[in-house]
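Read the structure below first, then the notes.
Here the structure is a predicted model, which means the values were calculated and not measured. Below, all heavy atoms of this structure are taken into account, side chains as well, without hydrogens, waters or symmetry copies. In this chain, residues are counted from 1 in sequence order.
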Amino acid sequence: MGQGIGCPEKSRKSEPALNQSMRKAEDGEEEAVERGDKQLRALHGVADLNNGAIGLYNLGLSCCLNSLLQVFFMNTHFTVILRRIRVPIVHIEQKKSVPYQMLLLLEQMQRSKQRAVYPQELVRCLTLHNLKLFVQYDAAQLFLSLWNLIKRQITDGQLADRLTTLYTIRVQEYLVCQKCSIETKRDSNMLTLPLPVFNSCSQRLKTLEDSLHCFFQPEQLTDNNMCLCEQCERKTPCLQGTRLTCLPHTLTLHLKRFYYRKSSWTQKISYSLPFPQSLDFNQILTQEQCHPDAKEKADWQYDLFGVVAHSGLASFGHYCAYIRSLTEGKWYCFNDSSVCQVSWDDVKCTYGNSYTHWGETAYLLVYMRKNPQ
């Protein structure tokens with residue numbers, strides 16, 4: 001979406017000092033990735049730069065892409081995977097490799113002495129995969145497209161599996177016939193949880209916890225929504241729902257703030273939906289909403305890591321990212337080429353406001369598992 005809206009003025013007084021202490025995110029070992037007869041330095045994420053946080057210039061409605069890239073780059077668990085990829089040997093394959101071009105962009109950002117760099121090579125690479133400039137992307141859809149491109153082009157099977165484990169949510173979808181009680185189950189993988197802002201009765205949900213509980217709440221299918229039961233050999237009322245099986249280290253929640261009217265007009269929902277700094281799924285979901293064989297339930301505790309916020313209308317607007325440093329614990333606003341330190345109060349301004357349709361509203365919430373092993 002478009003360019004424009006900058007960091008909150010009240011936060012500009014504190015320009016980022018994301019430098020020396022950031023290198024404590026890992027044990028400090030330096031690795032290298034071969035590129036021909038040269039080597040790229042090990043990259044622990046944009047936050048681990050000697051010269052502070054680096055922005056990305058907007059190349060043409062690329063604020064959505066820039067925001068997602070910063071969320072990827074600030075996640076040190078992701079960049080550990082990225083810096084271990086096998087570099088394509090053939091030059092033309094390097095140009096088409098999204099993981100490799102992301103790695104080169106990280107290197108460019110690490111070496112830069114400027115406040116921002118131009119991600120033109122990565123953008124050119126993405127255009128080869130039909131992700132073009134001057135297109136108003138939806139952040140949730142673009143995230144899925146980017147992630148799938150990265151996963152598909154990582155040739156090391158073990159690294160691809162690590163990426164899957166890092167981001168993938170596992171659920172079980174079920175359908176229970178209300179006449180014969182036969183249950184049909186199917187296991188599914190998801191990269192984001194698409195969370196409603198209204199319940200099934202079109203009532204506003206007041207908190208993120210309410211939204212999560214609503215997502216896993218089973219739904220009665222009756223009348224025209226009845227399903228064919230193979231046991232009963234006819235359409236019957238059914239109970240349809242989703243059980244949580246496994247949560248990843250990096251959990252992405254998608255707030256469904258855009259909806260389509262019958263006239264094909266897309267409208268943005270700006271209502272306030274507060275989200276906490278910490279989530280404990282054991283306190284949010286009931287036992288029935290979790291799979292009986294769910295693993296690592298004791299680790300279903302998360303801290304907020306990033307917020308991809310949208311400002312403006314559904315037809316035209318702007319994206320930026322609020323990201324918490326994993327080493328300092330401080331919040332920063334990545335707004336294209338501008339990066340500044342912000343407060344938690346600034347982040348809370350993305351809760352939404354029904355009276356300000358142009359205001360910033362959180363669209364993607366990224367949570368990080370507490371105390372990962």
Checklist entry - Excluding sequence neighbours, so at least two apart, what forms ring-ring contact (aromatic ring centres under 6.0 Å, His included) with Phe305? => result none

Item to check | Flag if over 12 foreign heavy atoms under 6.0 Å of NZ, Lys132 | outcome: yes

Checklist entry - Are Cys320 and Cys63 side-chain neighbours, meaning at least one heavy-atom pair lies under 4.5 Å? => result no

Next on the checklist: I'd like to check Asp303 versus Gln277 (side-chain heavy atoms, cut-off strictly below 4.5 Å). Are they in contact?
Outcome noted: no

Checklist entry - So which heavy atom on Thr79 is nearest to which on Leu106, and how close? => result CG2-CD1, 4.0 Å

Next on the checklist: For Lys235, I'd like to know if atom NZ has over 12 heavy atoms of other residues, nucleotides or ligands within 6.0 Å.
Outcome noted: no

Checklist entry - Would the number of heavy atoms belonging to other residues, nucleotides or ligands and lying under 6.0 Å from CD of Glu173 be above 12? => result yes

Checklist outcome for this item: dist His318:NE2 -> Ser311:OG (nearest 0.5 Å) comes out at 5.5 Å

Checklist entry - Does Glu360 reach the main-chain N or O of Thr350 with its side chain, forming a donor-acceptor pair under 3.5 Å? => result no

Checklist entry - Does Gln101 reach the main-chain N or O of Gln94 with its side chain, forming a donor-acceptor pair under 3.5 Å? => result yes

Item to check | Closest non-hydrogen atom pair between Val98 and His129, with its separation | outcome: CG2-CD2, 3.9 Å

Checklist entry - Less than 4.5 Å apart, any side-chain heavy atom of Ile81 and any of His77? => result no

Next on the checklist: A quick test of your reading: do over 12 heavy atoms of other residues, nucleotides or ligands sit less than 6.0 Å from OH of Tyr271?
Outcome noted: no

Checklist entry - Which distance, rounded to the nearest 0.5 Å, do you find between the CG of Asn335 and the CD of Gln70? => result 10.5 Å

Checklist entry - Would a distance-only check, ignoring hydrogens and angles, find a side-chain to backbone donor-acceptor pair under 3.5 Å from Arg115 to Ser337? => result yes

Compile the donor-acceptor pairs under 3.5 Å between side chains in residues 157-167 and protein atoms, sequence neighbours left out, one pair per line.
residue : atom : partner : partner atom : Å
Thr164  : OG1  : Lys151  : NZ           : 3.0
Thr164  : OG1  : Ala160  : O            : 3.0
Thr165  : OG1  : Asp161  : O            : 3.0

Checklist entry - Do the non-hydrogen side-chain atoms of Val176 and Ile182 ever get within less than 4.5 Å of each other? => result no

Checklist entry - Is there side-chain contact between Leu253 and Leu279, with heavy atoms separated by less than 4.5 Å? => result yes

Next on the checklist: When you compare the side chain of Trp147 with that of Phe78, does any pair of heavy atoms fall below 4.5 Å?
Outcome noted: no

Checklist entry - Side chains of Leu247 and Phe281: closer than 4.5 Å at any heavy-atom pair? => result yes

Item to check | Test item: Arg243 side-chain N/O and Tyr174 main-chain N/O as donor-acceptor pair under 3.5 Å | outcome: no

Item to check | Shared hydrophobic cluster, Leu133 / Leu69 (ILVMFWY, side-chain heavy atoms < 4.5 Å) | outcome: yes

Checklist entry - His310 and ring-ring contact (aromatic ring centres under 6.0 Å, His included): which partner among Phe316, Tyr319, Tyr363? => result Tyr319

Next on the checklist: Tell me if a side-chain donor or acceptor on Glu209 pairs with a main-chain N or O of Gln283 at a distance below 3.5 Å.
Outcome noted: no

Next on the checklist: Can a donor-acceptor pair be found, under 3.5 Å and without considering hydrogens, that links the side chain of Asn75 to the backbone of Phe72?
Outcome noted: no

Item to check | Whether Asp210 side chain and Leu205 backbone form a donor-acceptor pair below 3.5 Å | outcome: no

Next on the checklist: As a quick check of understanding, evaluate side chain to side chain contact (heavy atoms under 4.5 Å, CB included) for Leu304 and Trp331, giving each step before the final call.
Outcome noted: CA-CA 10 Å; Leu304 185 63; Trp331 284 92; 3.7 Å; yes

Item to check | Exercise: identify the closest heavy-atom pair between Thr236 and Cys177 | outcome: OG1-SG, 3.1 Å

Checklist entry - Looking at Thr245 and Trp300, what are the two nearest heavy atoms and their distance? => result O-CZ2, 3.7 Å

Next on the checklist: Looking at Arg257 and Lys268, would you say the former's side chain and the latter's main chain have a donor-acceptor pair under 3.5 Å?
Outcome noted: no

Checklist entry - Any link between Val135 and Leu128 through a network of hydrophobic side chains (Ile, Leu, Val, Met, Phe, Trp, Tyr) touching at under 4.5 Å? => result no

Next on the checklist: Determine whether a donor-acceptor pair (N or O, by modelled atom type, separation under 3.5 Å) exists between the side chain of Thr192 and the backbone of Pro194.
Outcome noted: no

Next on the checklist: Using every non-hydrogen atom in the two residues, find where Ala139 and Val308 come nearest and quote the distance to one decimal.
Outcome noted: CB-CG1, 4.2 Å

Next on the checklist: Tell me if the OH atom of Tyr118 is crowded by more than 12 foreign heavy atoms within 6.0 Å.
Outcome noted: no

Next on the checklist: Tell me whether Phe198 shares a hydrophobic cluster with Leu193, the cluster being built from Ile, Leu, Val, Met, Phe, Trp, Tyr side chains joined at under 4.5 Å.
Outcome noted: yes

Next on the checklist: For residues Ile92 and Leu104: do they belong to one hydrophobic cluster (side chain heavy atoms under 4.5 Å, members Ile, Leu, Val, Met, Phe, Trp, Tyr)?
Outcome noted: no

Checklist entry - In terms of hydrophobic clustering (I, L, V, M, F, W, Y; side-chain heavy atoms under 4.5 Å; direct or indirect links), are Leu285 and Met190 co-clustered? => result yes

Item to check | Contact check, side chains of Leu122 and Met102, non-hydrogen atoms, under 4.5 Å | outcome: yes

Item to check | Salt bridge Glu121-Lys95, side-chain N to carboxylate O under 4.0 Å | outcome: yes

Checklist entry - Given the side-chain rings of Tyr137 and Phe143, with only the six-membered ring counted for Trp, is the space between their centroids under 6.0 Å? => result no

Checklist entry - After noting the C-alpha distance and the side-chain angles of Arg234 and Lys179, does the key distance pass the side chain to side chain contact (heavy atoms under 4.5 Å, CB included) rule? => result CA-CA 10 Å; Arg234 61 188 177 90; Lys179 295 295 184 181; 4.3 Å; yes

Checklist entry - Roughly how far, to the nearest 0.5 Å, is the NE2 atom of His291 from the SG atom of Cys246? => result 11.5 Å

Item to check | Pair Met109-Leu56, side chain to side chain contact (heavy atoms under 4.5 Å, CB included): steps then yes or no | outcome: CA-CA 9 Å; Met109 296 170 78; Leu56 295 169; 3.9 Å; yes

Checklist outcome for this item: Value for CD1 (Ile154) from OG (Ser97), rounded to nearest 0.5 Å, stands at 9.0 Å

Item to check | Donor-acceptor under 3.5 Å (Ser270 side chain, Asn353 main chain) | outcome: no

Checklist outcome for this item: Taken to the nearest 0.5 Å, the spacing of Leu191 CG from Thr250 OG1 works out to 11.5 Å

Item to check | CA sep, side-chain torsions, deciding dist, call: Ile169, Leu244, side chain to side chain contact (heavy atoms under 4.5 Å, CB included) | outcome: CA-CA 8 Å; Ile169 306 156; Leu244 183 59; 4.0 Å; yes

Item to check | Residue pair Leu175 / Cys238: nearest heavy atoms and the distance that separates them | outcome: CD1-CB, 3.8 Å

Checklist entry - In Å, rounded to the nearest 0.5 Å, how long is the span from OG of Ser62 to CG of Leu126? => result 10.5 Å

